[in-house]
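I have placed the structure first, in the form of structure tokens, so that the comments after it can refer back to it.
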2 protein chains.
Amino acid sequence: MVTLAEVAQHAGVSASTVSYVLSGKRSISVSTRERVELSIQQLGYHPNAGARALASSRSNIIALMVPLRTDMYVPVMMEIAIAVATTARTHGYDVLLLTGEEGPAAVRRIAGSSLADAMILMDVELHDERLPLLRETDRAAVLIGLPADADGLTCVDLDFEATGALCVEHLAGLGHREVAVIGEAAAVYERHTGFAERTVDGIRAKAQEAGVRVLHRPCEGGYPAMAQTLSRIFDERPGTTGFIVQNESAVEPLLNLLRQQGRAVPEDVSVVAICPEQVASQASVRLTSVAIPAQEMGRRSVEQVVAKLTGRGTDEVELLAPELTVRESTGPAPR
Amino acid sequence: MVTLAEVAQHAGVSASTVSYVLSGKRSISVSTRERVELSIQQLGYHPNAGARALASSRSNIIALMVPLRTDMYVPVMMEIAIAVATTARTHGYDVLLLTGEEGPAAVRRIAGSSLADAMILMDVELHDERLPLLRETDRAAVLIGLPADADGLTCVDLDFEATGALCVEHLAGLGHREVAVIGEAAAVYERHTGFAERTVDGIRAKAQEAGVRVLHRPCEGGYPAMAQTLSRIFDERPGTTGFIVQNESAVEPLLNLLRQQGRAVPEDVSVVAICPEQVASQASVRLTSVAIPAQEMGRRSVEQVVAKLTGRGTDEVELLAPELTVRESTGPAPR
DNA sequence: TAGCCCTGTCGAAGCGCTTCGACTCGCTGA
DNA sequence: TCAGCGAGTCGAAGCGCTTCGACAGGGCTA
């Protein structure tokens, strides 16, 4: 491995000069800079990450805690993770992938060992165990998601309350008066995952305002679960004409089951989905939907974290405004 | 931050003794060990990762290069990534997430900076640009996937040739003589991604042996693409009674379209899928399938890499044997 | 022309850890 | 009885980098 000292010798300057060329923290004459850069090129020098971290006490690594549960909402998670990784690179950071398995201990470990300069947490619960630790530590952190108490924390998320409201507004505007909400798996609500509960809150609030009756049912993905959930819904509320679905893996089963039951979309029932753009546009009926801006969330969270690390950051909650795209799964309520 | 020296002082021993307690590389008396461990506890000591990496020239980090393309078989990737991360932790390693964006340069950067002790590469192409660099470097590496020339490399993958063969064997055994293969998106073949091509090879070889006619068509996921692909297939081969699908996002569209055309599964046509277990069992028809053992692949790749790092490793190709699970989407060919 | 500041460079002191002798015991075996 | 050994501990020398203070020289201002 080539070292700084070797580069310095090759270029005929001192080690500190090479360091300053690299960091730009002191002015260097053009001729010296060029000579050093040439030596770096020729020798194929790469600064040693460990030494750099030790000397500067900054590792240029951002830790990303993803949920362990592979059952849940996986494509969105992956999209966020990749957006985080690529955005981080453009700011000179690498990303350390932590799974939820370690739990809150991971926060302690990473902060204690100075392995990462900052952390981004996904899958935030309303009363997340990791938050107290996060507040204690001096490490920069950003949540993707919104806990019950966001005080002193920086959060990035889709505005799920507004999302829920938007869906209801759209259906109400089309004359629907009985709406069913197909939610995430029950476990998601049991963990009090922020986004799921907030969506339902937004739906209920707007429904009350608009005079719409709402029935909310959690649902595991897949056919069997969806079939059961659907038949219960129609038992309880035969007059249901609108659906809001917030579970990717329930979307296609729902559409198929409605079809099998002879209910036409959107003539008999309307469906609004809260899901990634791709799912909505590639479903068997092109879905009216509110997109989950996974990439944007990943990108913004990194930008927030980098701002904090460079001292420009503030603690604030950034909620991305939802956008509803009308496609072919919603129409006027039947008479 | 608490340092080794502080722990040493607190416990009344020298720094090196604390270090040996931590690493276990020299024998330590029970009483000293306990005293040191107590101090570590009380002070909440965590070794500084950078200092450790610098002194020992091992970072205890494994780099994982995932493909950038978010469009492509994403859930499998995520599952592998999570399996890699959790398995790595059980061996004392953390995982650095690299996207394909940087390309081969990432290999150079990581190796040069000693940021990671080893690398795991996903989404391997038959003639992958990263391989020459990998062979040059002394870093341990494992591929998830199989390039054309695996000489001197360690690879872990599902045996996709055997997978293809297994699918054909199953259909042939049921009397099917005209089989269509719905493949991955054309771009996947253009990049000469190992697994996609190997599957087709395996299919063709076994088909020839079994006297089965095969028509292979790449297919983007989603309804529009699948509809077009399907109509072309029946135009060209009206007698097609068997399908092999290797594209998660084509599965559900295919089933729906067949249904719409009045072709019953499995009475009129049989469908075998190559996809994650979950997709197969939750589809609208429970699918006969060969599972993609994502977790297993992630786990094995880490174990291989750890073996290499501890000197027990060998260069070898480990192909996981495919298993076909018969469910409700395949049956005897119609007369 | 003296004094000052600015630019560009260097030397040296760490950062916190690992690891290699080296040293001290108390034992064992000849 | 004493060399020799293993167990247990310590001190010191780095690992490769960043960064601080110092300093030389040139161009200003006064």
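Protein chains get the first letters and strands the later ones, always in sequence-line order, with residue 1 at the start of each.
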From the list [options], which nucleotide is the closest neighbour of the side chain of [X]?
X	options	answer
A/R26	D/dT18, C/dC10, C/dC17	C/dC10
B/A55	D/dG14, C/dC10, D/dG8	D/dG14
B/T17	C/dT19, D/dT9, C/dT9	D/dT9
A/S19	C/dT9, C/dG16, D/dT18	D/dT18
B/I28	D/dT9, D/dG16, C/dC20	D/dT9
A/L4	D/dC17, C/dT9, C/dT19	D/dC17
B/R52	C/dG16, C/dC10, C/dT18	C/dT18
A/T3	C/dC17, D/dT9, D/dC17	D/dC17

Atom-pair distance ([atom1] on [X]; [atom2] on [N]), nearest Å:
X	N	atom1	atom2	answer
B/L22	C/dT19	CG	P	12 Å
B/L54	C/dG16	CG	P	12 Å
B/R58	C/dT18	CZ	C1'	12 Å
B/R33	D/dT9	CZ	P	9 Å
B/N48	C/dG14	CG	P	18 Å
A/Y20	D/dC17	OH	P	15 Å
A/Q9	D/dG16	CD	P	14 Å
B/E6	C/dC17	CD	C1'	13 Å

Is [X] close enough to [N] that one of its side-chain N or O atoms is under 4.0 Å from OP1 or OP2 there?
X	N	result
A/S14	C/dC10	yes
B/S23	C/dT19	no
A/S56	D/dC17	no
A/Y45	D/dC17	yes
B/T32	D/dT9	yes
B/K25	C/dT18	no

Return whichever of A/V13 or B/V18 has its heavy-atom-nearest nucleotide of DNA chain C closer to the 5' end.
A/V13

The single option from B/L64, B/V66, B/I120, B/I110 passing side-chain contact (heavy atoms from CB on, under 4.5 Å) against B/L98:
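Result: among B/L64, B/V66, B/I120, B/I110, B/I110 is the only option passing the side-chain contact (heavy atoms from CB on, under 4.5 Å) with B/L98.
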
Tell me whether [X] at atom [atom1] has more than 12 heavy atoms from other residues, nucleotides or ligands lying less than 6.0 Å away.
X	atom1	result
B/Q9	CD	no
A/E129	CD	no
B/R108	CZ	no

Examine distances only and state if a side-chain atom of B/D117 and a backbone atom of B/N60 form a donor-acceptor pair shorter than 3.5 Å.
yes

Charged N-O contact under 4.0 Å between A/E296 and A/R300
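Looking at A/E296 and A/R300, the cut-off is not met.
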
Under 4.0 Å between any heavy atoms, over every strand shown, what does A/S29 touch: base, sugar-phosphate, or nothing? Just pick one.
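Since only primed, P, OP1 and OP2 atoms lie under 4.0 Å of A/S29, the category is sugar-phosphate.
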
